[in-house]
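Accompanying notes for the structure given below.
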Amino acid sequence: MPSQLSAYVSDTAPGRGALRPARSWLRSDAPCRSLNGLWRFRLSPTVPVAADFAAEGFDDSGWDDIPVPSHWVLQGDGAYGRPIYTNVQFPFPIDPPHVPDENPTGDYRRHFDVPADWSAAERVVLRFDGVESLFTLWVNGDEIGGAAGSRLAHEFDVTSSLRPGDNVVAVRVHQWSAASYVEDQDQWWLPGIFRDVTLIARPAKGIEDVWLRTGFDNGRGRIETEVTADAAAFPVTLRLPELGIERVWATAADVAPLDVNGVEPWSAERPRLYDVTVSTAAESIALRAGFRTVEIRGDRFLVNGRRVVFHGMNRHETHPERGRVFDEEHAREDLARMKRFNVNAIRTSHYPPHPRLLDLADELGFWVVLECDLETHGFDKLGWAGNPSDDPAWREAYLDRIRRTVERDKNHPSIVIWSLGNEAGTGGNLAAMSAWVHARDTGRPVHYEGDHAGEYTDVYSRMYSSVLETEQIGTDGSRAPLLNCTPAQGARQRTKPFLLCEYAHAMGNGPGALDQYEALVHEHPRLHGGFVWEWRDHGILTTTPDGRPYYAYGGDFGEVVHDGNFVMDGMLLSDDVPTPSLHEYKAVAAPVRFAFDGDEVAITNLRHSADTFDLRFCWRVEHEGTLVGSGDMEVPVVAAGESARVPLPRIPVSPDSETWLTVDAVLAAATAWAPGGHVIATAQLDRSARRPAPAVRHRTDWRRSDGTLTLGIAEFVDGSLVRLAGRAVAGPRLELFRAPTDNDEGASQEVEESDASIAGVSNAELWRRDGLDRLTTRRLSVERTADALRTISKVSAANSALSVIVESVWALEGDELELRVEIEPSKGWLTVWPRIGIRFDLPDGAAPVDGAEWFGLGPLESYPDSLRAARTGRFSSTVGDLSVDYARPQETGHRSRLRQLTLTSAGAKVLRIVTLPDTRGRRPGFTLSRHTPQQIARARHPFQLPDSTTSHLIVDAAQHGLGSRACGPDVWPEFTLRPEARTIRLRIAAG
C-alpha cells in the first residue's frame with residue numbers, strides 16, 4: 001500500500017499545514033536569518049516510507065553535505081542523478097496526477113540557532129523562495145506543512161515548534177509530483193532547494209504586507225497605498241523624503257490615496273525610482289516606487305500615455321554551473337548586457353524569477369511581462385485530453401499559482417503585464433486565473449498566448465506568426481483568418497494590442513528576418529513588438545571522459561526521453577558570449593534611425609519617451625577601410641517620436657577607392673549599464689565613385705591540353721590546381737553544401753509562405769537526399785591558350801541524375817591571375833540550395849593559414865536575411881575567431897559582399913584575393929575554417945570535430961538565408977536560394 005507521503009506527491013492541492021497566504025517580497029528591518037549554506041543531504045531513488053529523519057535526535061553523520069541553494073543533480077558529479085531536458089515531452093508516463101514510484105527524493109537537515117530575544121516576536125516564519133517540485137517541512141520533529149509550485153515563494157508559521165537556541169529543520173523534496181504536470185516548461189528538470197531559505201521574526205504590531213500602486217499623469221504622481229496590518233499596528237507612516245512627503249494614518253480607515261506634484265515618471269528608458277518607507281512603531285518597510293500608468297486605449301498599449309514597443313527577450317533563469325540558482329552579480333551584468341544590445345523588455349519565461357531580478361529590472365529599466373509558473377505542454381501529445389487547465393480538480397492549484405505570482409511582485413513598476421503562463425492549452429482554470437487578476441489589480445492587463453479567441457485576456461498574443469500573417473493581424477480592415485478564431489473572434493482580437501510573446505527562434509545560427517518584423521511595428525500601430533525566443537543557451541558545463549570541457553544539452557546525460565539541443569536557442573551562448581544574431585538584434589532594435597537624403601541625414605528618435613539629450617552623434621569617413629576624417633555632428637535634442645534633419649560633413653571622395661561615411665549615436669556619458677561612448681545605433685552611406693568592373697577578355701584560340709602548366713603564381717597538374725604562390729592548394733571544387741543550421745534541420749509544416757519543398761521535411765534532409773554533401777566530379781574537357789586554362793566538369797552525386805556544369809577559366813591579366821567560374825545547374829532540382837560556392841583546401845605545410853584580413857562586410861558573420869549589424873570596412877581575424885562555437889556545430893563564419901581578402905600565416909601575408917562583381921553588381925562572400933562543411937555536419941559537439949591539418953576557404957556566389965524554421969517561419973522568399981546559374985570572378989596574387 002502506498003504510504004501517506006507517497007500518496008501526497010499525487011495530490012493536486014497546492015499546499016497544506018501551516019502555509020501562510022502569499023504576500024510581497026519586502027525589505028523589512030524585522031530580524032531575519034538566512035539558512036543558506038551547507039545542509040546534510042540524503043538522496044533516495046524512491047519516496048521513503050518513513051520520515052524518521054525529521055526527528056531531532058536522528059543521526060545524519062553518514063549523510064553528505066550539499067549547498068543550499070542548489071540543484072542536487074548539479075552536485076557530486078552525478079552522484080545524485082543527472083539533469084533531464086525536455087521541451088514538450090514529460091519525462092514520466094502521462095498519468096495525471098500520478099507519478100512513478102521511481103521518484104528521486106532528497107532529504108535535507110540542518111541545525112540553526114534562534115536568538116533569545118526572538119521570543120518577543122508575534123510569530124516566526126520560515127520562507128522558501130524556490131523548491132522543485134514538492135516539499136514537506138519539519139521543525140524539531142514537528143511536521144509543519146508542505147507546498148508545490150517550484151518557482152513560487154512559500155512561508156510557513158513555525159512559531160509553536162521553535163525554541164531559543166538550537167533547532168533542527170528537515171525538508172523532504174520530491175523530484176516528481178502532481179505539480180510536475182503543470183511545470184512542463186521548456187528547460188532542464190533540476191530538483192532541489194534552489195532559492196533562498198530565510199527565517200523571519202514577525203514583530204507584534206508589524207506590517208504584514210504593503211502595496212504601493214502608483215500612477216502618473218502630466219507631471220503629477222499618485223500613490224494608492226494598501227497596508228495589511230492588525231489594527232494595533234496603527235498609526236502607520238508613509239515617508240517619501242525626496243518629495244517632502246510624510247503622511248501618518250491613525251487607523252486603517254484613514255489610509256487614502258496621495259497626489260504628488262513635481263514627480264518624474266518611471267519608464268524603461270529613464271527608470272526614475274523614489275525611496276519610500278512605510279513604518280509602524282515596530283517595523284519599517286523600505287520600497288522603491290516608480291510612477292507610471294499602464295493602460296490600453298483601443299488597440300494601443302500605453303505607459304504614461306505613450307505607445308510601447310517591446311524590443312524584448314524571453315528570459316529563463318539558467319547558468320551553466322548553477323542552473324537556476326540566482327547570482328546577483330551575474331544577473332546584473334546579464335541585464336546590463338541586454339541594455340547594451342538595445343533590449344528594453346523581458347518576458348519571464350515561464351515563471352517568476354528570483355525577486356531580486358525584478359529589483360534590477362526596476363533599477364536598470366525594462367518593461368516586464370511577469371509570467372506565472374505554469375505550463376502543461378506535454379498534453380499536446382494527447383490532443384490536450386486530460387489537460388489540467390480545464391479540469392476542476394486543478395482549479396485551486398492554478399489560482400494559488402497566480403496569487404503567489406501577483407502578490408509577491410505587485411510592487412514593481414517594471415511589471416506592466418501579468419501573464420497566466422505558457423502553452424497550457426485553454427480552459428476554465430485559466431479563465432478563473434484571469435478573473436482573479438482583473439479583480440486584484442486593475443492597473444495591469446492580462447496576457448496568455450493560448451487564449452487565441454480572446455475570451456479572457458486583454459492583449460492579443462501569438463508566437464511565431466510569419467511576417468505575412470503578422471502584417472495581416474496589424475492591418476486595419478483585414479479579414480484574413482486568425483489562428484483558431486471564427487471571423488467574429490478574429491474581429492475581436494483585432495481590437496486589442498498585438499504582442500509576439502515569442503518570435504525569431506534564436507537557435508544556433510539565426511534567426512533571419514528580424515528587420516522585417518521590426519518594419520511592421522512602425523507601419524501598423526496595433527503591433528507592439530515582441531520577445532525573441534530566447535535570451536541565452538541553457539548549456540550545462542561538463543567534461544568529456546578525457547577532461548575536455550563542453551556545454552551539454554539534451555541526451556548528454558543519458559535521458560530516457562529528451563529534446564536534444566532545442567535547449568540551446570539563445571542569442572547569448574552558455575558562456576555569456578553574444579552571438580552574431582544578438583548584434584543583428586541590436587542594429588534592428590536601435591532606438592535612433594538615420595535616413596540619408598542628399599547632403600543631409602534625418603535623425604529619428606524612436607524611443608518611448610526619452611529625448612536624445614544623453615546622446616552624442618559621431619561621424620567618420622573611410623577610403624576602403626582607411627580612416628580619412630572624423631568628428632562630431634551638431635544635432636539638436638530630438639524629442640521622442642520626432643525627427644531632425646542635419647547637414648552631413650564634407651566627404652572627401654576618392655576616385656580610386658570606395659568611400660564610406662559612418663554615423664554613430666553614442667552615449668554622451670556613462671550609465672549604470674554602459675560606459676560613455678557606447679554605440680547604440682549606426683548607419684553607413686556609400687559615397688564611392690562608380691568604377692566599372694573590367695570586362696571578361698574573350699578568347700578564341702583554345703586547344704586541348706593535358707592541363708599540366710604554370711600560369712603566373714598558379715601551378716596545375718592534369719587540369720587541377722596544385723600550388724598557389726609556392727604553397728600547396730587544391731581546388732576550386734564546387735561546394736553546394738553547408739553544415740545544416742538548426743533552422744535548416746527544422747521540419748516546418750507551414751510551406752505556403754516559403755520555398756520548402758515538402759511539409760514536415762527539413763531542407764537538410766532534402767539536401768542529403770540529393771547528395772549535396774557528397775558531390776563527385778567528372779572532368780569533361782581541359783583546354784588552354786598561351787596565358788589561360790579552361791576546364792569543364794560535371795558535378796553530381798551518387799544515385800542522382802541531377803548535375804551541375806562548372807566551367808573554370810584561369811587567365812593571366814597583366815600582372816594578376818584571374819579565376820572565373822561559371823556554375824550552371826541542370827534541370828530538375830526541386831529543393832533550395834544551401835550555397836553556391838567554390839572551395840579551396842590549403843594544407844598546413846610549414847606555415848598554416850591561420851588568419852584573414854578583408855575589406856567587405858564585417859566584423860561578424862552575415863547572411864542574406866541577417867545583414868543589419870554588418871558594416872562595410874576593413875577587418876582582420878584569426879581562423880578560430882571567424883567561426884562561432886555554437887553548441888551543435890553548424891554553418892558559421894560567412895562574411896558577405898567581399899571586395900578584398902588576404903590570407904595570413906603567423907602574421908605574414910600569404911595570398912591576396914580581389915573579387916569582381918558579376919553582371920548584376922553582386923559580390924561573393926567567404927568562409928575560412930579549419931573544417932569542411934561535411935566534417936562540421938557530422939559533429940554533435942565542438943569537441944567531436946577532428947584534428948585538422950588544412951584550412952578551407954569557400955568563396956560563395958550566394959548563400960541561402962537563415963530564417964527561423966527550427967521553431968518558426970522559414971526563410972523569406974526574397975532570401976531563398978533556388979538553384980540558378982552564377983558567376984564568380986577573382987583576381988589572385990601572392991601576399
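Using a 4.0 Å cut-off between a side-chain N of Lys or Arg and a carboxylate O of Asp or Glu, Glu396 and Arg403 qualify as a salt bridge. Salt bridge Arg202/Glu122: absent, no basic N to carboxylate O contact under 4.0 Å. Salt bridge Glu208/Arg20: present, at least one basic N to carboxylate O contact under 4.0 Å. Using a 4.0 Å cut-off between a side-chain N of Lys or Arg and a carboxylate O of Asp or Glu, Glu264 and Arg270 do not qualify as a salt bridge. Contact check on Asp275 versus Arg288 returns no salt bridge, with no Lys/Arg side-chain nitrogen under 4.0 Å from an Asp/Glu carboxylate oxygen. Ionic pairing of Arg151 and Glu317 is not present here: no N-O contact between side-chain nitrogen and carboxylate oxygen is shorter than 4.0 angstrom. Salt bridge annotation for Lys410-Glu407: present, with a cationic side-chain nitrogen under 4.0 angstrom from a carboxylate oxygen. A salt bridge links Arg536 to Asp334: one of the charged nitrogens lies within less than 4.0 Å of a carboxylate oxygen.
Side-chain atoms of Arg340 never come within 3.5 Å of backbone atoms of Leu335 as a donor-acceptor pair (strictly under, hydrogens ignored). No donor-acceptor pair under 3.5 Å is formed between the side chain of Asn422 and the backbone N or O of Glu375. In this structure, Arg401 contributes its side chain and Asp373 its backbone to a donor-acceptor pair below 3.5 Å. Proximity of a side-chain donor or acceptor of Ser434 to a complementary backbone N or O of Tyr456 within less than 3.5 Å is detected. Side-chain atoms of Thr348 do not come within 3.5 Å of backbone N or O of Pro353 as any donor-acceptor pair. Distance alone, capped at 3.5 Å, is enough to place a donor-acceptor pair between the Glu183 side chain and the Ser150 backbone. The main-chain N or O of Phe216 is found under 3.5 Å from a side-chain atom of Thr293 such that the two form a donor-acceptor pair. Of the possible polar contacts, none joining the Arg444 side chain to the Val294 backbone as a donor-acceptor pair under 3.5 Å is found. Here the side chain of His528 pairs a donor or acceptor atom with the backbone of Phe301 at under 3.5 angstrom. Judged by distance alone, with hydrogens and angles left aside, the side-chain atoms of Glu269 form a donor-acceptor pair with the main-chain N or O of Ser609 at under 3.5 Å.
Across all non-hydrogen atoms, the minimal contact from Asp359 to Arg356 is OD2-NH1, 2.9 Å. Closest approach of Thr280 and Gly206 over heavy atoms only: OG1-CA, 4.2 Å. In terms of heavy atoms, Ser70 sits closest to Val325 at CA-CG2, 3.6 Å. Considering every non-hydrogen atom in both Ser574 and Asp537, the closest pair reads OG-CB, 3.3 Å. When every heavy atom of Leu199 is checked against every heavy atom of Val158, the shortest pair comes out as CD1-CG2, 4.2 Å. Pairing each heavy atom of Thr376 with each of Ala424, the nearest pair is OG1-CA, 3.1 Å.
Under the 30°/60° scheme for interplanar angles, the aromatic rings of His316 and Tyr351 are found to be tilted. A tilted orientation is assigned to the rings of Phe128 and Phe135, their planes being inclined by 30° to 60°. Relative orientation of the Tyr108 and Trp72 rings is tilted, given thresholds of 30° and 60° on the angle between their planes. Using the six-membered ring where Trp is involved, Phe194 and His71 have ring planes that are parallel, under 30° apart on the 30 and 60° scheme.
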> Step by step, would you call His608 with Trp266 a ring-ring contact (aromatic ring centres under 6.0 Å, His included)?
Replying inline: CA-CA 11 Å; His608 171 262; Trp266 185 97; 9.4 Å; no
>> Walk me through whether Arg347 and Asn314 qualify under side-chain hydrogen bond (donor to acceptor under 3.5 Å, both in side chains).
In response: CA-CA 5 Å; Arg347 177 179 177 227; Asn314 282 280; 2.9 Å; yes
>> Set out, in order, the CA-CA distance, both residues' side-chain angles and the distance that settles ring-ring contact (aromatic ring centres under 6.0 Å, His included) for Phe531 and Phe310, then state yes or no.
In response: CA-CA 7 Å; Phe531 298 82; Phe310 294 93; 5.6 Å; yes
>> Could you walk me through whether Ser133 and Ser177 satisfy the side-chain hydrogen bond (donor to acceptor under 3.5 Å, both in side chains) test, starting with their C-alpha distance in whole Å, then the side-chain angles of each, then the deciding distance to 0.1 Å, before giving a yes or no?
In response: CA-CA 7 Å; Ser133 70; Ser177 69; 3.0 Å; yes
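The CD1 atom of Ile207 sits 10.0 Å away from the OG1 atom of Thr228 when rounded to the nearest 0.5 Å. In this structure, Ser284 OG and Arg27 CZ are separated by 12.5 Å, a value rounded to the nearest 0.5 Å. Note that OG of Ser24 is 9.0 Å distant from CD1 of Ile285, once rounded to the nearest 0.5 Å. One finds the CG atom of Leu364 at 8.5 Å from the OG1 atom of Thr671 (value rounded to the nearest 0.5 Å). In this structure, Asp113 CG and Arg33 CZ are separated by 5.5 Å, a value rounded to the nearest 0.5 Å. If you take CG on Leu399 and SG on Cys372, they are separated by 10.0 Å, rounding to the nearest 0.5 Å.
Stacking of Lys205 on the aromatic ring of Phe234 is not recorded, the 6.0 Å distance cut-off and the 45° axial limit not both being met. By the 6.0 Å and 45° rule, Arg272 stacks over the aromatic ring of Tyr274. Figure legend: cation-pi geometry between Arg16 and Tyr8, with NZ or CZ positioned under 6.0 Å from the six-membered ring centre and within 45° of its axis. Both tests pass for Arg213 against the ring of Trp211: distance under 6.0 Å to the centre and angle within 45° of the axis.
For the residue pair Asp362 / His412, a side-chain donor-acceptor distance below 3.5 Å is found, with atom types taken as modelled. Side-chain contact check for Thr457 and Asp451: at least one donor-acceptor pair (N or O, by modelled atom type) lies under 3.5 Å.
Partner Val68 forms a side-chain contact (heavy atoms from CB on, under 4.5 Å) with one of Leu35, Val197, Asp196 and no other, that one being Val197.
For the pair Trp436 and Val406, the minimum side-chain heavy-atom distance is below 4.5 Å. Between Leu582 and Leu572, some side-chain heavy-atom pair lies under the 4.5 Å cut-off. The closest side-chain heavy-atom distance from Asp186 to Trp533 is below 4.5 Å. The side-chain heavy atoms of Ile200 and Val124, taken from C-beta on, include no pair separated by under 4.5 Å. Residues His311 and Asn342 are not in side-chain contact: their nearest non-hydrogen atoms beyond the backbone lie 4.5 Å or more apart. Residues Gln187 and Val567 are not in side-chain contact: their nearest non-hydrogen atoms beyond the backbone lie 4.5 Å or more apart. Considering only heavy atoms from C-beta on, Asp327 comes within 4.5 Å of Arg322 through its side chain.
Within 6.0 Å of CD in Glu246 there are more than 12 heavy atoms belonging to other residues, nucleotides or ligands.
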